[in-house]
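Before any comments, here is the structure.
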Amino acid sequence: MTLLDELSRRVGDAFAAAGLDPQLGRVKPADRPDLAQFQCNGALPAAKIAKKNPRELATAIAENLSGDAAFSEVTVAGPGFINIKLSDDEIARRMNALSGAGDWKDTVAISPEKIVMDYGGPNVAKPLHVGHLRAAIIGESLKRIFRFLGNDVVGDVHLGDWGLPMGQLITELQREQPDLPYFDETIEGPYPDEPPVTLKDLERLYPQASAACKENEARADEARAATAALQKGRPGYRALWRHFVAVSRRAIEAEYDDLGVTFDLWKGEADADSLIAGMAAEMRQKNLIEDSDGAQVIRVAKDGDKKKIPPLMMFKSDGGVTYGTTDLATIVDRVQSESPDRILYVVDQRQSLHFEQVFRAAGLAGLFPAHRLEHIGFGTMNGKDGKPFKTREGGVLRLRELIDMMTERAGERIADSGLAKGYGEAETAEIARKVGIAALKFADLSNPRTSDYVFDIDRFMAFEGKTGPYLLYASVRVRSVLAKAEAAGAGAAGDIIIKAPEERDLALSLLAFGDAVYGAYDKRLPHLLCDHAFSLAQVFSKFYAACRISDEADARLRASRLSLAGLAGRQLDLILELLGLEAPERM
RNA sequence: GGUCCCGUAGCUCAGUUGGAUAGAGCACCAGAUUCCGAAUCUGGGGGUCGGAGGUUCGAAUCCUCUCGGGACCGCCA
């Protein structure tokens with residue numbers, strides 16, 4: 001149970017004792033830190049319901065709470081706010097318990113679930129670009145947070161490895177190298193193990209093919225025919241396609257790896273393809289599919305809908321499937337292979353209507369309960385013009401270029417600061433990489449998921465302010481002071497004593513961890529954890545500036561502060577891990 | 001045309017079941033280092049919460065209208 005949950009239960013009891021709904025005893029951090037640490041506003045709505053004076057109710061509750069040794073002060077202010085302060089002994093007691101706890105996940109209690117999380121969506125033969133960035137960063141962090149709390153999470157990259165682009169690639173390659181065995185229908189294999197193309201070839205062939213098909217109808221027909229043949233299982237095309245996928249995957253995986261993002265499953269749209277026919281047959285049996293202008297659709301609108309939800313197209317008039325069909329079949333696949341309790345899609349907010357249609361269709365068809373399918377949408381990363389980020393030439397920025405840009409800038413900042421001199425070239429480069437990636441990821445995660453944000457490398461990379469580098473610095477500094485203390489023979493960490501306001505603030509921040517993690521989990525909003533991380537780093541810096549640690553003369557105080565610093569470091573590093581940021585040993 | 005989101009300090013943004021004096025970071029101004037990493041810390045100025053009505057004891061938050069910006073709306077994924 002989190003701290004706020006515990007306090008709410010205690011205050012709720014006091015509400016109950018006064019004959020009021022204990023739910024009203026909800027406690028939150030004080031809006032006025034000058035007056036209190038925590039507050040409960042429940043007396044106001046309680047007064048409305050009970051038709052009584054709010055101040056009188058609040059006073060009765062405050063009197064009940066005053067008897068509790070955990071509280072040093074419970075007062076009533078304004079129209080009926082209940083202000084609460086914990087006693088220093090109580091804070092110290094909780095800190096010592098936290099210190100002894102092996103795994104802080106117990107500060108939050110949830111019902112663990114089996115979850116499939118979809119936060120990839122890269123396409124074969126196309127390099128990763130900024131459009132893939134947010135899904136990867138947010139998804140990775142949510143995956144880690146969910147796992148930390150005990151959920152069984154399977155991350156799936158959901159590769160775009162099917163459909164027309166594959167036919168386009170095949171026909172484009174055939175024009176360049178018509179003698180390859182994959183194109184000769186008289187050959188049925190075996191085919192060469194070595195791929196006939198490099199990554200560079202693919203990245204050149206695809207835009208080439210795509211442009212050609214747009215301009216030339218005959219070329220487009222050719223590509224469509226190849227796509228159909230591939231999907232029917234023509235051996236040469238299948239073999240070639242497997243090479244395309246394998247070559248692409250190596251490159252894609254390497255880039256995700258640089259971002260600290262990994263997937264457990266590398267499934268793709270192709271894996272769902274074979275399930276479409278059976279799924280559609282069942283839907284027809286349930287009379288869910290109907291004809292509409294030659295296409296076959298499933299109507300998902302419901303009575304009482306506030307907004308119009310158009311039907312989901314299952315089959316185009318040419319018989320081809322849409323990505324809605326594929327997404328539905330992917331649900332079938334996931335249910336069969338993972339039997340999840342819930343499926344999460346970390347995908348651009350602009351696709352919310354699509355997911356609404358798919359989720360409803362899945363529910364109607366009995367594939368999976370719609371309320372256990374969640375679209376975790378996010379806003380776009382914009383340029384300074386407020387529009388989705390583009391390169392100076394107006395093209396899409398590759399993820400690789402973005403990562404290089406961040407790393408390079410981090411390297412410059414480190415060189416300017418003179419901090420890493422004497423570290424050696426390899427270590428300095430590694431620090432630059434970690435700082436650059438942390439700057440990028442924290443900038444992304446610290447915005448509320450659903451809002452757009454502006455890419456500003458100078459702001460992201462600043463060492464001061466609410467940035468990734470600031471967090472890394474705080475973490476490194478804790479490590480450093482503890483190492484110094486050990487080297488100086490400052491003794492062991494011991495019982496925590498709360499005296500100075502900076503000690504109290506640090507302790508209260510550390511105790512807020514559970515609520516921060518729970519909020520990030522419950523609302524699927526990692527920025528809530530970012531806010532906590534930043535305020536913890538800040539409050540540690542204040543503590544560090546105000547309180548001597550390793551050379552504090554009083555041995556008991558020294559031991560207490562070593563504990564506090566150790567806890568701060570431990571928690572900060574845990575949060576960095578949950579956010580998917582890597583801190584260097586020193587910087 | 002229909003639906004949805006957004007408009008808060010000079011800049012970038014928090015503020016999710018309606019609650020006290022609307023917060024943070026940056027920028028700006030003024031300070032702090034005989035001492036554990038000053039990439040830090042302390043203090044300060046800065047707001048008609050787009051606008052107008054309404055509901056409420058109480059509104060940045062809920063409702064209506066309005067102005068401005070953006071997104072989405074079956075045969076691309």
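By convention in this document, chain letters (A, B, ...) are assigned in the order of the sequence lines, proteins followed by strands, and residues within each chain are numbered from 1.
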NA contact type, [X], heavy-atom cut-off 4.0 Å: base, sugar-phosphate, or nothing?
{"X": "A:Ala77", "answer": "base"}
{"X": "A:Val321", "answer": "sugar-phosphate"}
{"X": "A:Cys547", "answer": "base"}
{"X": "A:Leu35", "answer": "base"}
{"X": "A:Asn83", "answer": "base"}
{"X": "A:Asp327", "answer": "nothing"}
{"X": "A:Asp293", "answer": "base"}

Can you pull the side-chain hydrogen bond (donor to acceptor under 3.5 Å, both in side chains) pairs that have at least one residue in residues 518-528 of chain A, sequence neighbours excluded?
A:Glu374-A:Arg524
Quick test of your reading: applying side-chain hydrogen bond (donor to acceptor under 3.5 Å, both in side chains), list the pairs with at least one residue in residues 456-468 of chain A, sequence neighbours left out, ordered by first then second residue.
A:Arg409-A:Asp458, A:Lys466-A:Asp531
Would you mind telling me which of [options] lies closest to the side-chain atoms of [X]?
{"X": "A:Ser550", "options": "B:rA20, B:rC36, B:rC75", "value": "B:rC36"}
{"X": "A:Phe81", "options": "B:rC35, B:rC73, B:rG19", "value": "B:rG19"}
{"X": "A:Leu353", "options": "B:rC72, B:rA24, B:rC36", "value": "B:rC72"}
{"X": "A:Pro310", "options": "B:rC35, B:rC75, B:rC73", "value": "B:rC73"}

Measure all distances between protein nitrogen or oxygen atoms and nitrogen or oxygen atoms of nucleotides 10-17 of chain B, and list the pairs falling under 3.5 Å.
unit_1 : atom_1 : unit_2   : atom_2 : d
B:rU12 : O2'    : A:Arg459 : NH1    : 3.4
B:rU12 : O2'    : A:Arg459 : NH2    : 2.8
B:rA14 : OP1    : A:Ser451 : OG     : 2.6

How do A:Thr326 and A:Val297 order along RNA chain B: which one's closest nucleotide is nearer the 5' end?
A:Val297
Position toward the 5' end of RNA chain B (nearest nucleotide), A:Ser480 or A:Ile82:
A:Ile82
Which atom of A:Ala226 lies closest to which atom of A:Thr171, heavy atoms considered:
CB-CG2, 3.6 Å
Check the distance between [N]'s [atom2] and [X]'s [atom1] and give it to me in whole angstrom.
{"X": "A:Arg55", "N": "B:rA20", "atom1": "CZ", "atom2": "C1'", "result": "12 Å"}
{"X": "A:Gln351", "N": "B:rC5", "atom1": "CD", "atom2": "P", "result": "19 Å"}
{"X": "A:His354", "N": "B:rU3", "atom1": "NE2", "atom2": "C1'", "result": "18 Å"}
{"X": "A:Asp554", "N": "B:rC36", "atom1": "CG", "atom2": "P", "result": "20 Å"}
{"X": "A:Lys484", "N": "B:rC35", "atom1": "NZ", "atom2": "C1'", "result": "12 Å"}

Should the pair A:Phe460 and A:Phe455 be assigned to parallel (<30°), tilted (30 to 60°) or perpendicular (>60°) ring geometry?
perpendicular
Looking at [Y] and [X], is there a salt bridge between them, counting it only when a charged N and a carboxylate O are closer than 4.0 Å?
{"X": "A:Asp156", "Y": "A:Lys267", "answer": "no"}
{"X": "A:Asp573", "Y": "A:Arg479", "answer": "yes"}
{"X": "A:Glu56", "Y": "A:Lys52", "answer": "no"}

Are A:Phe463 and A:Tyr473, when compared by the centres of their aromatic rings, separated by less than 6.0 Å?
no
Between A:Tyr453 and A:Phe389, does the ring centre distance come in under 6.0 Å?
no
How far, in whole Å, is [M] from [N] if one measures between their [atom1] atoms?
{"N": "B:rG51", "M": "B:rG68", "atom1": "C1'", "answer": "11 Å"}
{"N": "B:rU3", "M": "B:rG45", "atom1": "P", "answer": "47 Å"}
{"N": "B:rG2", "M": "B:rG46", "atom1": "C1'", "answer": "42 Å"}
{"N": "B:rA30", "M": "B:rC36", "atom1": "P", "answer": "27 Å"}
{"N": "B:rG58", "M": "B:rA20", "atom1": "P", "answer": "14 Å"}
{"N": "B:rU48", "M": "B:rU12", "atom1": "C1'", "answer": "22 Å"}
{"N": "B:rC63", "M": "B:rC72", "atom1": "C1'", "answer": "25 Å"}
{"N": "B:rA77", "M": "B:rG19", "atom1": "P", "answer": "46 Å"}

Distances for protein N or O near nucleotides 39-41 of chain B N or O, under 3.5 Å:
unit_1 : atom_1 : unit_2   : atom_2 : d
B:rA39 : N6     : A:Ser417 : OG     : 3.4
B:rU40 : OP1    : A:Phe463 : O      : 3.0
B:rC41 : OP1    : A:Tyr470 : OH     : 2.8

Can you sort out the partners of A:Phe442 under ring-ring contact (aromatic ring centres under 6.0 Å, His included), two or more places apart, ordered by chain and number?
none
Report yes if a side-chain nitrogen or oxygen of A:Lys28 is closer than 4.0 Å to either non-bridging phosphate oxygen (OP1 or OP2) of B:rA20; otherwise report no.
no
Just to be sure I follow the notation: if a pair is Watson-Crick (purine N1 to pyrimidine N3 plus N6-O4 or O6-N4) or a G-U wobble (N1-O2 and O6-N3), each under 3.5 Å, what dot-bracket string does RNA chain B give, with | for pairs to another strand?
(((((((..((((.....[...)))).(((((.......))))).....(((((..]....))))))))))))....
Can you name the atoms? Protein N/O to nucleotides 55-59 of chain B N/O, anything below 3.5 Å, with the distance.
unit_1 : atom_1 : unit_2  : atom_2 : d
B:rC57 : N4     : A:Lys48 : NZ     : 3.1
B:rG58 : O6     : A:Lys48 : NZ     : 3.1

Any donor-acceptor N/O pair under 3.5 Å between B:rA77 base and A:Glu269 side chain
no
Sequence neighbours excluded and cut-off under 3.5 Å, please list the side-chain donor-acceptor pairs for residues 319-327 of chain A, or say none.
unit_1   : atom_1 : unit_2   : atom_2 : d
A:Thr322 : OG1    : A:Met313 : O      : 2.9
A:Thr322 : OG1    : A:Gly324 : N      : 3.1
A:Thr322 : OG1    : A:Thr325 : N      : 3.4
A:Thr322 : OG1    : A:Thr325 : OG1    : 3.2
A:Tyr323 : OH     : A:His354 : ND1    : 3.4
A:Thr325 : OG1    : A:Met314 : O      : 2.6
A:Thr325 : OG1    : A:Thr322 : N      : 3.1
A:Thr325 : OG1    : A:Thr322 : O      : 3.3
A:Thr326 : OG1    : A:Thr322 : O      : 3.2
A:Asp327 : OD2    : A:His354 : NE2    : 2.7

Out of the candidates A:Gln168, A:Glu172, A:Glu203, only one should pair with A:Gln208 under the side chain to side chain donor-acceptor pair (under 3.5 Å) rule; please name it.
A:Glu172
Please report, to 0.1 Å, the donor-acceptor pairs under 3.5 Å made by any side chain of residues 36-48 of chain A, with sequence neighbours excluded.
unit_1  : atom_1 : unit_2  : atom_2 : d
A:Gln37 : OE1    : A:Leu86 : N      : 2.7
A:Gln39 : OE1    : A:Asp31 : N      : 3.3
A:Gln39 : NE2    : A:Asp31 : OD2    : 3.2

Going by the rule salt bridge (Lys or Arg N to Asp or Glu O under 4.0 Å), which residues pair with A:Asp21 if we only count those two or more places apart in sequence or in a different chain?
none
Salt bridge (Lys or Arg N to Asp or Glu O under 4.0 Å) partners for A:Glu217, two or more places apart
A:Arg224
Results of side chain to side chain contact (heavy atoms under 4.5 Å, CB included) for A:Arg249 - residues two or more places apart only:
A:Glu253, A:Trp266
